[in-house]
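Contents: one structure, followed by commentary.
Treat the numbers as computed from the prediction; the structure is a model and nothing was measured. Computed from heavy atoms alone, side chains included, the values below leave out hydrogens, waters and symmetry copies.
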Amino acid sequence: VVCGVGLFFGSLAAGRASDKAAVMFEQVPEGRTVFSLIFSAATMPLGLLLFGWALHAQLHLAVVLVATLFIGFGTSCIQPGVYSYVSCVDQTKAGSATAAVNAAWCITAGVVVLVSVPGVASLGVGGYFTLVACVHLLLVGAAGAAVLRKLRQHSSNPLQSMGSVI
């Protein structure tokens, strides 16, 4: 239930933020993901670290539940921005592209489940979730760098910023 609450509020927050980003960066479709990436980078690693180390230290269940709230929030933050981006790049293929993104997430989730048992066995619960948090930060950081590059390319091209004048 607690993870679901995080998923619910993460979807709402990131959906609104994605809509605002669409207005702020209307000429750069990748800009729609800016706030989703920031929200997820801020909450998902925190939740993963708290979850792993709370289980490792056998802390009170309430701490683990709070961690799942952050994990749910961070997980659902990515989706609105990505779906918004995918749907505006080529609207005639938005359904297929969204399905491909969803399939990739499902396959990734399956792989993570498969490697979790040996990962926890070899690294311990805290160590494994620390590794997962670091991988998440690396992936979100790489996506953020790609988005930032697109935003800079657009802002450095004076013809694009004067598009309505020309």
Query raised in the report: What orientation do F35 and F25 show, parallel under 30°, tilted 30 to 60°, or perpendicular over 60°?
Result: tilted
**Report entry** Flag, side chain of S155 to backbone of R152, donor-acceptor distance under 3.5 Å
**Finding:** yes
**Report entry** T68 side-chain N/O to L65 backbone N/O, donor-acceptor pair under 3.5 Å
**Finding:** yes
Requested in this report: Under the ring pair (Phe, Tyr, Trp, His ring centres under 6.0 Å) rule, collect the residues that match up with F39, sequence neighbours excluded.
Outcome: none
Report task. Compare every heavy atom of S11 with every heavy atom of P80, then report the nearest pair and how far apart it is. Result -> CG-O, 3.9 Å
Query raised in the report: Just wondering, more than 12 heavy atoms not from F73 lying within 6.0 Å of its CZ?
Result: yes
Query raised in the report: Are the side chain of S18 and the backbone of A14 linked by a donor-acceptor contact shorter than 3.5 Å?
Result: no
Query raised in the report: Which pair of heavy atoms, one from P29 and one from C88, lies closest together, and at what distance?
Result: CB-SG, 3.5 Å
Report summary line: Between T33 and G81, the two heavy atoms sitting closest are CG2-O, 3.5 Å
Query raised in the report: Taking the side chain as C-beta and beyond, is there a heavy-atom pair between T130 and W53 under 4.5 Å?
Result: yes
Report summary line: Closest non-hydrogen contact found for A54 with V63 is CB-CG1, 3.6 Å
Report task. For D90, enumerate each residue passing the salt bridge (charged side-chain N to carboxylate O under 4.0 Å, His left out) test, keeping only those at least two apart in sequence or located in another chain. Result -> K93
Requested in this report: Write down the atom of V125, the atom of G52, and the distance for their closest heavy-atom approach.
Outcome: CG1-O, 3.4 Å
Query - Closest heavy-atom pair and its distance - S40, P45 - result: O-CD, 3.4 Å
